[in-house]
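One structure below.
Quick note: numbers below take in every heavy atom, side chains included, and nothing from hydrogens, waters or symmetry partners. Numbers for residues simply follow the sequence, beginning at 1. All values derive from a computational prediction rather than experimental measurement. Order of appearance sets the numbers: ligands from 1, and atoms from 1 within every ligand.
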Amino acid sequence: MRKPFICANWKMNHLVNDASFYGEDLVNRIKMENVDLKKVDVAIFPPYMFMAALKVLFFLTGINVGAQNMHYAESGAYTGEVSPAMLKDMGIECVIVGHSERRQYFNETNESCAKKVKAAIAHGIRPILCVGEYLEERESGRYNDVVKEMLLGSLADIDADEMIKTVIAYEPVWAIGTGKTATTEQANEMAAFIRSVVAEKYGNEVAQQVIIQYGGSVKPDNIAELMAMSDIDGALVGGASLKASDFIKIINFDPAVVGKEPAVVE
Ligand code: PGA
C-alpha cells in the first residue's frame with residue numbers, strides 16, 4: 001500500500017509573520033476538518049529560516065517539515081550551503097532534490113542530484129527527486145527519453161533499499177507556475193512510465209512501493225482527479241500551497257481515494 005504524500009513547496013515566499021500565521025492556521029484547520037494524518041503524509045517546505053519555528057508549531061501534529069534543497073557534503077567550506085547533517089540535527093524529515101528551478105537557475109545536474117539523494121538517505125532524510133521535461137521536449141515527443149535519462153542519472157548509486165525510501169516527483173516544467181496542468185492522463189502516463197523505469201532497474205516489487213508525485217499547477221479543484229489515477233500517489237504543490245486555506249483543501253481531497261490500492265504494473 002502506498003501512502004499518499006502531499007507537499008507544500010513555498011519556494012522563496014513569505015516573511016517571518018506569514019510563516020507563523022500559516023503554521024498556526026494549518027494546525028487549526030487540520031483539527032477543525034478532522035484530517036487524518038495517518039492516512040496521508042503532509043510536509044511543508046519553507047525557506048530554511050522558518051523551519052525551526054514551524055517545527056515547534058507542528059510538534060506532535062504529524063505535519064512534517066522539509067528543506068527545498070541541501071548540499072551533499074557532511075560539512076565544510078561551502079559558503080551559503082546547508083548540509084544533510086544540519087537538517088537531520090534539527091529534525092527535518094525530507095528534502096526536495098533537483099527541482100527544475102534549481103536545475104535551471106543554479107546549475108543542478110543529475111550528478112549532483114545523485115549525490116544529494118544518496119546523502120539524504122544516509123542521514124535518514126526522505127528525498128523527493130524531481131524530474132520533468134521542457135515544453136519543446138514534450139512537443140517533440142522525446143519526453144519519455146528525457147525523463148528516463150534524468151531518473152537514471154539522478155539514481156546512479158542508489159540500491160533497492162534506498163530506492164524504496166526515495167520519492168519521485170514528476171513535474172513537467174511547462175506546467176510549473178503556469179496554470180497549465182498536464183492532463184490527468186498525461187500525468188498518470190508519465191508516472192506509470194517512471195514506475196516502469198524503476199521496475200526495469202530494481203524489479204517490480206520495489207517499483208510498486210515507490211511513491212510518485214505529480215507537480216505543476218496542482219489546485220484544490222484538480223487534486224482529487226489526479227489522486228484517483230493509478231500511479232499518482234501524491235502532489236508537490238507550489239502556488240496553491242502558499243495559503244493554508246487553499247492547501248488544506250488539497251490535503252483533504254476526496255477521502256474515497258485515500259488509501260487506494262497500488263496499481264499493478266505489468
Ligand atoms: P506550482 O509549482 O504548483 O506553482 O506549479 C509546483 C512546483 O514547482 O513544485
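Using a cutoff of 4.0 Å between basic side-chain nitrogens and carboxylate oxygens, Glu200 and Lys148 are scored as salt-bridged.
Atom CE of Met12 is surrounded by 12 or fewer heavy atoms from other residues, nucleotides or ligands within 6.0 Å.
Here His123 pairs with nothing under the ring-ring contact (aromatic ring centres under 6.0 Å, His included) rule; sequence neighbours left out. Taking the side-chain contact (heavy atoms from CB on, under 4.5 Å) definition, one finds that Val146 meets it with Glu133, Glu137, Arg142, Met150, sequence neighbours left out. Applying the ring-ring contact (aromatic ring centres under 6.0 Å, His included) rule to Trp10 yields the partners His14, Tyr22; only residues at least two apart in sequence or on another chain are considered.
For a heavy-atom separation below 4.0 Å, the residues in contact with ligand 1 are Asn9, Lys11, His99, Glu171, Ala175, Ile176, Gly177, Gly216, Ser217, Leu236, Val237, Gly238, Gly239.
Side chain of Gln68 to main chain of Lys11: a donor-acceptor pair is present (N/O by atom type, distance under 3.5 Å, no hydrogens or angles).
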